Amino acid sequence: MNQIYVDRRKKVMDCLGDGEMLVLYSGMPVPMSMDECYPFEANRHFYYLTGLRRENMALLLSKTGDEPREILYIEPAIPKMERWTGKRVTREEAIRISGMSSVQFIGALEDMISRICAREFPKAVWMDTHVEDGKALPMYNVVKAKEFLGKYPGVQVRDLHPVVSRIRMIKDAEEIACFREAIRMTNKGLERVMDRLHPGMMEYQVQADFEYEIRNQGSEHTSFPTIVGSGKNGCSLHYESNDAEIGDGNLVLLDLGARYKGYCADISRTYPANGTYTEAQRAYYEIVLEANRAVEASAKPGMTIKQLTELCKDVLAEGLIRLGKIKGKEEIGNYFMHGVSHFIGLDTHDVYDALNCPLEPGMIISNEPGLYIDDEAIGIRIEDDLLITENGCENLSREIEKDPDHIERIMAGRKRA
Ligand SMILES: [Mn+2]
């Protein structure tokens, strides 16, 4: 089990030049109010490389000395504190999980860094300095990188984010297995939703049905805030207030996912609240489904996400032209305004080094065409998760029902209907 982390670190080590080192922190809790903190999330590069998700840890890799070094720093276990904070990871556990033989306490890290800087003159230090959103508070690794620059102004700091991201783009067998499990749980959640959905329910009750079931299945969390948009709310792309009553004749757009060992399923399905699609809803649904199937049929190594989005727009536009809703492809942007795909992994919108690179075997991407018809209060999205293979792709969520006839049959066969 820990061999995967050994292999992943070796890939990163191979990217380090001679005389370079890497320091990556797991992070610290972010205070919310009084003695409360936001739920802790370890730096995902750190988790990817160590298998550990606790606060106040660090990974040091170096090629600055005679031998390459690999040291994990953890918090010491203080029994008196553990009564309050819960058990910390012990050295033995850290060794077993990460597969690292050298594990020290975090208090020793600063000394080690200053020793390396003073005696081994590193040519560069790789740290996670990636900033996605300049308005948000800086992440812990960015804070530590600033601190480092202040202390060692002569040492160049380089961003490890694109390097580790490039490695994370290709999923290994362990990651694919986690995905299958996250998607299986998501399917269970959606089965419960189909079983119980009816007009008059509140959107948050549908959310509760989904989240009850995935937690019951062992999912640690949702992949992202669950979206349940009925009627016109389905047209709002990241709707998450989920506080409207579901009307008879509404479509209900669900965009959701179970998270398992950090891996984020990202699935969308659109169900008729009363169990039957109207003629108009059905016509639009068939177009979205056609686009979803066309993307799945074309996704393969060498294609780019941009090409898949173009293909998706072609199919959607042809459908709307057939229905007389639009006259030409240039109008499709009024009804479909996002890309059809993004990378998925430890992040729902996963890391990449180049967004529009050719797809490669082992990448996992979403396939999420949609149509958002404001004037008819119809929002439809059908989203699957695709694993790129040698010759094409495997739809990891193929078991999650999306055929409209089957959905109607399932909903008609319920005891409560
Ligand atoms: Mn998505």
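Every value quoted in this text rests on a predicted model; they were computed, and no experiment measured them. Start at 1 and go down the list; that is how both ligands and their atoms are numbered.
A donor-acceptor pair shorter than 3.5 Å can be found between the side chains of Tyr284 and Glu376. A donor atom on one side chain and an acceptor atom on the other are found under 3.5 Å apart for His342 and Asp266.
The distance cut-off of 2.8 Å around the Mn ion (ligand 1) captures these protein N, O or S atoms, sorted by chain and number: Asp266 OD2, His342 NE2, Glu368 OE2, Glu383 OE2.
By the ring pair (Phe, Tyr, Trp, His ring centres under 6.0 Å) test, Tyr140 pairs with Tyr25, sequence neighbours left out. Applying the salt bridge (Lys or Arg N to Asp or Glu O under 4.0 Å) rule to Lys10 yields the partners Asp14; only residues at least two apart in sequence or on another chain are considered. Shown here are the ring pair (Phe, Tyr, Trp, His ring centres under 6.0 Å) partners of Tyr352, two or more places apart in sequence or in another chain: there are none.
A salt bridge is defined here as a Lys NZ or Arg NE, NH1 or NH2 lying under 4.0 Å from an Asp or Glu carboxylate O, and Glu286 with Arg293 fails to meet this definition.
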